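Structure first, commentary second.
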Amino acid sequence: MAKPRIPTVKGTRDFYPEDMALRRWLYEHMRAVSEAFGYQEYDGPFLETLELYAAKSGEELVKEQAFVFPDRGGDLITLRPELTPSLARMVAQRQKQLTLPLRWWSFGPFWRYERPQRGRGREFFQWNVDMVGVATPEGDAELAAVGASFFRRVGLQPDQVRILVNNRRLMDAQLERLGIRAGLRKAVFRLIDRKEKMRPEAWEAYAAKIGLSPTQIQGLYDLFQRHDLWETSDELRRFFAAAEALGVAEYVRYEPTIIRGLDYYTGTVFEARDHEGRFRAILGGGRYDNLVAAVGGEPLPGVGFAMGDMVITLVLEAYGLRPALPLTPAQVLVTVFDDAHLLPSLRLAQELRAAGFRVATYPQPAKLGKQFKYANRLSIPVVAVLGPDELAQGAVALKHMGRGEQVTVRREQAVATLRAWLAVGSPGEGA
RNA sequence: GUGGCCGUAGCUCAAUGGCAGAGCACCUGACUGUGGAUCAGGUGGUUGGGGGUUCAAAUCCCCUCGGCCACCCCA
């Protein structure tokens, strides 16, 4: 414990090979799902100006939570806390030449200066998916379908993880019906957002404090029971019809208490939660119709969501879905019998690499037991032995570690044997 | 940024003021050209770091760093 004299920065993680393998696994599934829906990969800078976030409806939240520091010239630099403002700028910059609607996705690091907790660090990775230039409920449903398709792909079932959906315009109309004036609705949205996190008495006290009457508070309670409320919204009726057509009906559900914290959402909002509610939101997103305008472009509608790597990892672990990934890409370990066989072993390894196999050599002569143990620990599926006997006969001994089966074949036949052994489901190929 | 719990071997944890331990892991050997099993032996720690109280501190106090929990906010 006292070993790391130089600690990591608070809230950051080292990615050892096994961690990196999982990150890459997540990335591969995100890429596959994004591309299945025709989304293009893009990225923005990791460093941005503070102005970019200040421009975004002057949200103090983002400014207070971001890593901001002066560069050597004295300009204030921000480690990006989210991607949407960068996306808005990139779109605004090439608004005239981009082919709309555009479908873009990205996976990369983000930073937020927060108190680290389980599922929340100061440096994390996030999958962002956005569609810009179209303002239809079917577009909203497509984004939800991308998220749901990811869950399905990694093995999360609809009874384990679900995307809860609501619509701010619908809620706005409902609040108006309750006689809650427009100036108060932003605060009431925040109130609704905190419904699940507070005890009823505290929540009601908070509601009264922001100016709601007992009748209005009761009206909100009634609203929260209205799981059929979506039927009164044309947008949501179309949303759920599209979700059904997209094959993800079982993953989406109307939930009147979902409102999302961010101010820039204007229409449909959604977030994914685990069924037991043990974890914070797995993904969150919604429709934002004024974003590009905030950084100087013509107004363009958009819809998107973001999913962080930390919570989804916890959820996968909770449901036993964290995959067992290969520890090493090596398919073959070529042993080194003794000094005299070192160079011949290197030649054999290179021969096998030339044939397309991923081959590691033991880096120095050692007892064969030690070398086999090394292969076993790293789960390298095949061990090749080139000792005095094999060398004299122009042969090589190949051992299939999983089956414990060993054959001695002529050197020219080694490749064919390996092809047969490693043909399907060979480790290291990913999913 | 506020309040709270925690930090002992690589890992999971004991020891609650009195000689820092166990299991697993690791290394060596039994097995001189073969891993995963078994048996025997062995390495491993300034108890997160610093200061204080005490004859004596992993244990009590203060500071600090880190993790976790609740706020806050959100991925």
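Reckoned from all heavy atoms, side chains included, excluding hydrogens, waters and symmetry mates. On a predicted model such as this, the values are computed, not experimentally measured, just so you know. Just so it is clear: chains get the letters A, B, ... in the order the sequence lines come, proteins before strands, and each one is counted from 1.
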Scan the side chains in residues 359-378 of chain A for donor-acceptor partners under 3.5 Å anywhere in the protein, sequence neighbours excluded, and list what turns up.
| unit_1 | atom_1 | unit_2 | atom_2 | d |
| --- | --- | --- | --- | --- |
| A:Q371 | OE1 | A:V336 | N | 2.8 |
| A:Q371 | NE2 | A:V336 | O | 2.8 |
| A:Q371 | NE2 | A:A366 | O | 2.8 |

Report all side-chain donor-acceptor pairs from residues 411-418 of chain A shorter than 3.5 Å, counting only partners two or more places apart or in another chain.
| unit_1 | atom_1 | unit_2 | atom_2 | d |
| --- | --- | --- | --- | --- |
| A:R411 | NE | A:E351 | OE1 | 3.2 |
| A:R411 | NE | A:E351 | OE2 | 3.4 |
| A:R411 | NH2 | A:E351 | OE2 | 2.9 |
| A:E412 | OE1 | A:R410 | NE | 3.3 |
| A:Q413 | OE1 | A:R410 | N | 3.3 |
| A:T417 | OG1 | A:Q413 | O | 3.1 |

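Judged as a salt bridge (charged side-chain N to carboxylate O under 4.0 Å, His left out), and not counting sequence neighbours, the contacts of A:R80 are A:D43. For A:F69, there are no ring-ring contact (aromatic ring centres under 6.0 Å, His included) partners two or more places apart in sequence or in a different chain. Looking at residues two or more places apart in sequence or on another chain, you find no salt bridge (charged side-chain N to carboxylate O under 4.0 Å, His left out) involving A:R115. Residues meeting the salt bridge (charged side-chain N to carboxylate O under 4.0 Å, His left out) test with A:R280, sequence neighbours left out: none.
Applying the ring-ring contact (aromatic ring centres under 6.0 Å, His included) rule to pairs touching residues 392-413 of chain A yields A:H400-A:W421, sequence neighbours excluded. Applying the salt bridge (Lys or Arg N to Asp or Glu O under 4.0 Å) test to residues at least two apart or on different chains, the pairs with a partner in residues 308-327 of chain A are A:R13-A:D309, A:E317-A:R322.
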Listing time: all N or O pairs from protein to nucleotides 30-32 of chain B that are below 3.5 Å?
none

Can you tabulate the close N/O pairs, meaning under 3.5 Å, that link protein atoms to atoms of nucleotides 41-43 of chain B?
none

Nucleotide pairing, RNA chain B (Watson-Crick or G-U, distances under 3.5 Å), in dot-bracket with [ ] and |
(((((((..((((....[..)))).(((((.......))))).....(((((..]....))))))))))))....

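The same atom, P, is picked in B:U46 and in B:A20; the two are 14 Å apart, to the nearest Å.
Less than 4.0 Å separates RNA chain B from at least one heavy atom of each of the following residues of residues 8-16 of chain A: A:K10, A:G11.
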